[in-house]
Number of protein chains: 2
Amino acid sequence: MTASDGLHPATEDIRLPTVLAALADPARLATVQTLAQVGESACTQLQEAAGLSISRSTFSHHQKVLREAGIISVRIHGTQRLLSLRRTDLDACCPGLLDAVTSARADSPQPV
Amino acid sequence: MTASDGLHPATEDIRLPTVLAALADPARLATVQTLAQVGESACTQLQEAAGLSISRSTFSHHQKVLREAGIISVRIHGTQRLLSLRRTDLDACCPGLLDAVTSARADSPQPV
DNA sequence: CGCATTGTTCGATGGTCGTCGAACAGTACG
DNA sequence: CGTACTGTTCGACGACCATCGAACAATGCG
């Protein structure tokens, strides 16, 4: 049993419906897809890279949803939070899901 | 361009966020997972097999959401509608997604 | 210390969603 | 024709969600 730090759920606590719900929002999906390309990055840079024109508070909310779903992990570095994907943990819950979602074409580029 | 029949979206109109949103609901996820196991089946039988204790109208709603997302197709046979997965169409939009979701353990069996 | 930068938290608001029962529609069977 | 079965549609209701600005906290820099 992997202990939880209050921020990230333990690997065995990751639930598929919760993960899918987190990925269902276009802004969060773009965040995850971008994160898969650029790797670990801070909130503002990631939001910029994903092309999300939303307020900081809204992005912070999305980041929290992704984190609580077990999709991303947060590492503090100075004033900024570095976000990264929890690949292995996600694969433990649902093998192939992350690859399927991140390798999917960004489709008809929908402005978010 | 595959023509749409008004009930099912064309293959190229299937959108990943819509698919994920459809799969995010526990009742719909259970429906899809069950459908992957038992194959084509009618609404009432499928609802029974999935162990969903919800009203017929609610299941009809879920079936509509899955259908409009492009996840399932409906075939009329007498008084009943036979539901089945649109495997190839889904794989065209997002290869591996359906397998990842249907092969995932039903996890901690959550009563729905 | 003072200021800028980076994110979070806190209401508030408007919209969407899941659920239900009741009413309706279509088909099959006597 | 009448009854039964299967499923859809229609409000309605309560809950949840995405979004925002404002206020706050924490760190780094001069």
Side-chain angles (χ1 to χ4, degrees), chain A residues 5-8 15 17-32 34-35 40-69 71-84 110-112, chain B residues 5-8 15 17-32 34-35 40-69 71-84 110-112:
Chain A
D5 59 0
L7 286 176
H8 309 86
R15 294 289 170 264
T18 306
V19 170
L20 293 172
L23 294 175
D25 183 273
R28 290 193 292 260
L29 180 60
T31 298
V32 169
T34 304
L35 205 48
E40 188 184 54
S41 45
C43 295
T44 305
Q45 282 72 25
L46 181 56
Q47 179 176 350
E48 163 73 13
L52 298 177
S53 50
I54 54 180
S55 70
R56 272 182 304 275
S57 60
T58 300
F59 185 85
S60 180
H61 162 68
H62 286 317
Q63 170 267 337
K64 185 180 183 183
V65 173
L66 288 173
R67 173 169 48 78
E68 291 179 344
I71 299 176
I72 66 174
S73 66
V74 182
R75 189 168 64 91
I76 295 186
H77 180 259
T79 74
Q80 48 194 11
R81 277 78 173 157
L82 300 180
L83 311 181
S84 56
Q110 59 250 324
V112 184
Chain B
D5 59 0
L7 285 177
H8 310 86
R15 294 289 169 264
T18 307
V19 170
L20 293 172
L23 294 174
D25 183 89
R28 289 194 291 260
L29 181 58
T31 299
V32 168
T34 305
L35 205 47
E40 187 183 53
S41 45
C43 295
T44 304
Q45 283 73 24
L46 181 56
Q47 179 176 351
E48 163 73 12
L52 298 177
S53 51
I54 54 180
S55 71
R56 273 183 301 275
S57 60
T58 300
F59 185 85
S60 180
H61 163 69
H62 286 316
Q63 170 267 337
K64 185 179 181 182
V65 173
L66 289 173
R67 175 167 47 79
E68 291 179 343
I71 299 176
I72 66 174
S73 66
V74 182
R75 190 167 64 90
I76 296 186
H77 180 259
T79 75
Q80 47 193 11
R81 276 79 173 155
L82 300 180
L83 310 181
S84 55
Q110 58 250 321
V112 184

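Order of the sequence lines fixes the chain letters, A, B, ..., with proteins taken first and strands second; residue numbering starts at 1 for each chain.
- For A:Arg56, the side chain to side chain donor-acceptor pair (under 3.5 Å) criterion is met by no residue, not counting sequence neighbours.
- Rounded to a whole Å, the CZ atom of B:Phe59 is 18 Å from the C1' atom of C:dC17.
- For A:Ser60, there are no side chain to side chain donor-acceptor pair (under 3.5 Å) partners at least two apart in sequence or on another chain.
- The side chain of A:Thr58 approaches D:dT19 more closely than any other nucleotide in the set C:dT9, D:dT19, C:dG21.
- In the displayed structure, B:Gln45 atom CD is contacted under 6.0 Å by more than 12 heavy atoms of other residues, nucleotides or ligands.
- A:Arg75 places its CZ atom 17 Å from the P atom of C:dT6, with the value rounded to the nearest Å.
- In terms of the side chain to side chain contact (heavy atoms under 4.5 Å, CB included) criterion, residue partners of A:Leu7 (sequence neighbours excluded) are, by chain and number, A:Asp5, A:Arg67.
- Under the side chain to side chain donor-acceptor pair (under 3.5 Å) criterion, B:Thr58 pairs with B:Ser55, not counting sequence neighbours.
- Whole-Å rounding puts the A:Leu7 CG to C:dG7 P distance at 15 Å.
- The salt bridge (Lys or Arg N to Asp or Glu O under 4.0 Å) check on A:Glu40 picks up A:Arg75, with sequence neighbours excluded.
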inquiry  = Treating primed atoms plus P, OP1 and OP2 as sugar-phosphate and everything else as base, which nucleotides of nucleotides 22-30 of chain D get B, S or - for protein heavy atoms under 4.0 Å?
reply    = B----BS--
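- Distance, A:Asp25 CG to C:dT16 P: 14 Å, rounded to whole Å.
- In this structure, the CG atom of A:Leu52 is 14 Å from the P atom of C:dG7, given to the nearest Å.
- Between B:Arg56 and D:dC5 there is no side-chain polar atom (N or O) within less than 4.0 angstrom of OP1 or OP2.
- Across the protein-nucleic acid pair, B:Gln47 atom CD and D:dC5 atom P stand 16 Å apart, rounded to whole Å.
- Evaluation of the side chain to side chain donor-acceptor pair (under 3.5 Å) rule for B:His61 yields no partner, not counting sequence neighbours.
- For A:Ala22, the side chain to side chain contact (heavy atoms under 4.5 Å, CB included) criterion is met by A:Arg28, A:Val65, A:Leu66, A:Ala69, A:Ile71, not counting sequence neighbours.
- Other residues, nucleotides and ligands contribute only 12 or fewer heavy atoms inside 6.0 Å of the CD atom of A:Glu48.
- Nearest to the side chain of B:Ile54, among D:dC20, C:dC20, C:dT9, sits C:dC20.
- Mapping A:Ala21 and B:Gln80 onto DNA chain D by nearest heavy atom places B:Gln80 closer to the 5' end of the strand.
- Using a 4.0 Å cutoff on non-hydrogen atoms, the parts of residues 61-69 of chain A near DNA chain C are A:Gln63, ordered by number.
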